[in-house]
Asker: 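Sharing a structure here in structure tokens format.
Just so it is clear: chains get the letters A, B, ... in the order the sequence lines come, proteins before strands, and each one is counted from 1.
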Amino acid sequence: MSDQQLLEIVKNALIKSPWVSHLNCGSCNGCDIEILAVLTPRYDVERFGIKLKGSPRHADVLLCTGSVTRSMAPRLKRIYNQMADPKFVVAVGSCATNWGVFHNCYNTLGGIDKVVPVAMYIPGCPPRPEAIVFGVYKLLLKLASLDLEKQEEKDSVSNLTQEPIRSEEVTT
Amino acid sequence: MKISMEEIKKEVKTMESRELSDQTPVLRVEPNRLLEEMRKLYDLGLTHLSTIIALQVDNKIQIDYPLSSPLNKKLAPAIFVETIVSMDKPKISTIEDIYPSAVTYEREVTDLLGVEFIGADHRDKLLLPDDFPDNLYPLRKDYTGKELQQKLDELGVGYNPTIPLKEEEDYVMAVGPQHPTHKEPIRFKFTVEGEDIKNVELRLGFNHRGIEKALEQGTWIKNLYLIERICGICSSAHQLAYVLTAEKVDKILDQVPDRAQWLRVLVSELERIHSHILWYGVLAHDGGYDYMFHITWRDREDVMDLLEMWTGNRVNYAMMTIGGVRRDIDENLRKKMIIKLKKLRKNISKHKEVMEKEKTFLARIKNVGYLSKEDAIRFGAVGPTARASNINFDLRKDVPYAAYKEIPFKVYYRSEGDVYATMAVRLDEALESVEMCLYVLENLPTGDIAIKVKTRLQEGEAHTRVEAPRGEDIHYILSDGKNAPYRHKVRAPTLANITSLMYRFKNMQVADIPMIIRSIDPCIGCMERVTFVDAKTGKTKEISGQELISKANRRYRLNEKIKIFEV
């Protein structure tokens, strides 16, 4: 099997059934209960093949909430590094996107993209479950148009102080 | 013998006594007499320490201890004991021998204001990050929030990926297990001997954002929205406590229209219903009863719909404002709500019937995590946790606020004291809340929903305790007449329940950990990963919360022993 074929298989697995892991980086809990609501009978994302996993090592997508407290930043980085490539981060909620209501709080850094590259932003305080489902669906569309060979170099963000990569750069 | 407030005042040797804007008596004692007076007050029945409020006034640090009694109804409203220490190396004796729950509050004060507690063991940081500079205390007035932020950024706190991670336990970290409600970061370190739990240590602060400092930089109106986001599940409880306190400071509480007070009760009770359903659904999930989890969450969507119809949002309703509420209910909406609430009543009754009878589930929660009445009082348990340990105390009944005085309801409490009792209490409370909502909708007074309020509040200080879904939530505000509070102190119910939670692990087994942690409905999350320490060899090992839950389920289902350490 050639490398190209292997990548095709990986990509197919990713689009058909992305496994997500969830991480609270100092959120108020609002986004977290909405993410949970997404899994329950009314919204039920499992019908798209999306499954919430306990360990980031098993996950393709990391759903992050919160404006990243200073205690959590190194841990977020560490967890991101634990995930296997190709990996994608989704920032759920206004404060994960761009600090939001916590912009005056000394112990926050101001968004997931200050620490790790983010592939998709879902705004809202908190985003409705429909918005989260839509966001994940958009991510799947992006994954479908992905060139995995280029992905690797862009994911090697090893330094926290490095400029974060915006969503367009990550996926195109 | 039930002693009254006047007799208490006579007993204590005070330097001076004054009152807050809400007529709460404040007894100021000398720092070196604090321990003695506190012991006296405890013996007189003031057994509940709500929190420790510390603030900088000029060049001094003022420390307040709000005390109350869960058993003596005459002493249910809080009384403040106050002492003042100098800013230069502030020191005060610890009261953890009298009030064990003071430990967490004292560690918080040490972190944020740098007060040293004499007689306490060496204490690590509780709330702030490990690499936070040692002689910088965020809640002192040396820096504004912005300056503090810049300074911390310059020092690179949190940015440096190779921060001095202390010992091996810093690898322990919150990673999402299967369900986000027990997703917030908190770390427990268990010491085990075989399968028995011997000791447990705790580290908080992964979710510490510094809201109290940010509140000092906002305005009275802006703060409404920040307060709400302390917690997304009990958002309106926090907001209610804030607006009531602000109204007490401004002395306009009696002008707030009746209709507004009744609508405040309505939104609080709807929130309680959704929070309790959420809780027992997740309890079922943790107990390996996923079918029930999905059923309860399906039915919970009804109450979310109700809240959305009225407030426009599913979480963070933004309903309260200083002087009233922000949205009214019209006749059409009222009728729709009544229909939905009746459906909800039927569904919750079904949950109650199933969850209180399902044998395999009961085997997981009966006689697990026992907390006796005496211990619940000693460790300062609040809310449903205390009521499950046979304490008949509910702030809605005993220190009524908003319109709770006019609405009939029953306080449920049970004598079992185990995880089952905490579930039964919450099931009953959810049903009672539905009845209260129906009563409010059928007897809603007419009139305005808000009064006009100035953007600056008067000088003064006040506090409010409200019954959030998880228990007592206390807010304290000191206003100096500017357009922001001088100091705003918040203590959420979970912090009060943490001390008793640690005690519940005594003599329990590893398989019971998920259920016991769930029992207090932790708002700052459940354990994600736990560290186990072998009591004999001192070896440590970490496993994730999800792994632990599945191990615990296998233990009960297949009677398979949990092996943490290979023998």
Side-chain angles (χ1 to χ4, degrees), chain A residues 20-37 39-43 52-57 59 62-63 65-79 81-82 95 100-109 114-115 125-126 128-129 158-161, chain B residues 128-132 138 145-146 148-149 152 157-163 165 171 173-181 183-185 205-211 213-214 217-218 225-226 228-233 235 278 293-295 297-298 300-301 304 314-316 523 525 544-547:
Chain A
V20 302
S21 185
H22 165 261
L23 180 67
N24 180 336
C25 308
S27 137
C28 75
N29 233 356
C31 300
D32 309 76
I33 54 172
E34 294 297 67
I35 291 176
L36 184 47
L39 300 164
T40 52
R42 187 183 282 186
Y43 301 100
L52 206 62
K53 290 304 287 182
S55 168
R57 289 176 204 272
L62 190 65
L63 290 179
T65 59
S67 52
V68 191
T69 58
R70 287 180 201 272
S71 314
M72 280 301 282
R75 276 101 179 162
L76 169 61
K77 184 73 190 165
R78 184 182 296 259
I79 283 184
N81 289 339
Q82 281 175 355
C95 55
V101 73
F102 299 120
H103 65 100
N104 261 341
C105 301
Y106 59 85
N107 210 30
T108 56
L109 295 183
K114 298 276 193 301
V115 183
C125 192
R128 298 179 50 82
S158 56
N159 194 342
L160 279 176
T161 50
Chain B
L128 296 175
D130 290 334
D131 56 345
F132 203 87
K146 273 260 153 58
L148 198 59
Q149 208 159 38
L152 291 175
V157 179
Y159 278 104
N160 184 358
T162 55
I163 57 159
L165 293 171
Y171 288 61
M173 212 311 307
V175 196
Q178 200 122 2
H179 283 292
T181 42
K183 205 51 67 76
E184 287 161 286
F206 298 106
N207 220 335
H208 175 76
R209 286 154 282 178
I211 289 182
K213 185 81 176 176
Q217 259 85 55
Y225 307 101
L226 187 52
E228 195 175 39
R229 283 158 182 84
I230 289 171
C231 168
I233 302 178
S235 62
L278 179 153
F293 164 71
H294 284 287
I295 295 289
W297 276 67
R298 183 196 66 196
R300 175 177 170 272
E301 289 297 329
M304 302 307 275
R314 288 163 53 91
V315 182
N316 298 341
C523 204
S544 77
Q546 187 57 32
E547 206 181 324

Asker: With a 4.5 angstrom heavy-atom cut-off, could you sort out which part of A/Cys95 is near chain B: side chain, backbone, both or neither?
Answerer: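 For A/Cys95, there is no contact with chain B at all, as no heavy atom is under 4.5 Å.
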
Asker: What pair of heavy atoms forms the shortest contact from A/Tyr106 to B/Gly145, and how long is it?
Answerer: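 Answer, listing the atom of A/Tyr106 first, then B/Gly145: CB-O, 4.3 Å.
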
Asker: Taking every non-hydrogen pair under 4.5 Å, which of B/Arg209, B/Met304, B/Lys213 racks up the most with chain A?
Answerer: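 Top count of heavy-atom pairs under 4.5 Å with chain A: B/Arg209.
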
Asker: Could you tell me which of B/Arg300, B/His208, B/Gln217 has the largest number of non-hydrogen atom pairs under 4.5 Å with chain A?
Answerer: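 Between B/Arg300, B/His208, B/Gln217, the count favours B/His208.
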
Asker: So, taking the atom named CG in A/Asn107 and the one named CZ in B/Phe132, what distance separates them when rounded to the nearest 0.5 Å?
Answerer: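 Going from the CG atom of A/Asn107 to the CZ atom of B/Phe132 covers 6.5 Å.
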
Asker: Could I get the full list of salt bridge (charged side-chain N to carboxylate O under 4.0 Å, His left out) partners for B/Arg298, not counting sequence neighbours?
Answerer: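 Scan of B/Arg298 (salt bridge (charged side-chain N to carboxylate O under 4.0 Å, His left out), adjacent residues dropped) gives none.
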
Asker: Any idea which heavy atoms bring A/Thr40 and B/Glu301 closest together, and the distance?
Answerer: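 The pair with the smallest heavy-atom distance is OG1-OE2, 4.5 Å.
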
Asker: How long is the gap from CG on B/Leu278 to CD1 on A/Ile33, to the nearest 0.5 Å?
Answerer: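 Interatomic distance, B/Leu278 CG to A/Ile33 CD1, rounded to 0.5 Å: 6.0 Å.
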
Asker: Mind listing the closest non-hydrogen atom pair of B/Gln149 and A/Thr108 along with its distance?
Answerer: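 Smallest heavy-atom distance, with atoms named: NE2-O, 4.0 Å.
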
Asker: At their closest point, which heavy atom of B/Val315 faces which heavy atom of A/Pro126, and how far apart are they?
Answerer: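 Heavy atoms only, the tightest pair is CB-CG, 3.6 Å.
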
Asker: Measuring from atom CG of A/Asn104 to atom CG of B/Leu148, what distance do you get when rounded to the nearest 0.5 angstrom?
Answerer: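 Going from the CG atom of A/Asn104 to the CG atom of B/Leu148 covers 11.5 Å.
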
Asker: I need the minimum non-hydrogen distance between B/Ile233 and A/Asn29, along with the two atoms involved.
Answerer: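 Minimum heavy-atom separation between B/Ile233 and A/Asn29: CD1-ND2, 3.5 Å.
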
Asker: So which of B/Arg314, B/Glu228, B/Lys146 has the largest heavy-atom pair count under 4.5 angstrom toward chain A?
Answerer: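 Highest number of pairs under 4.5 Å: B/Arg314.
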
Asker: Measuring from A/Phe102:CZ to B/Ile211:CD1, what's the distance to the nearest 0.5 Å?
Answerer: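 The CD1 atom of B/Ile211 is 4.5 Å from CZ of A/Phe102, to the nearest 0.5 Å.
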
Asker: Contact between A/Leu36 and B/Phe293 at the side-chain level, heavy atoms closer than 4.5 Å - yes or no?
Answerer: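 Yes, their side chains come closer than 4.5 Å.
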
Asker: Less than 4.5 Å to any heavy atom of chain A: does that hold for the side chain of B/Ile230, its backbone, both, or neither?
Answerer: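 For B/Ile230, the backbone is the part near chain A, not the side chain.
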
Asker: Please classify the contact between A/Ala59 and chain B as side chain, backbone, both or neither, with a heavy-atom cut-off of under 4.5 Å.
Answerer: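 Contact with chain B: none, neither part.
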
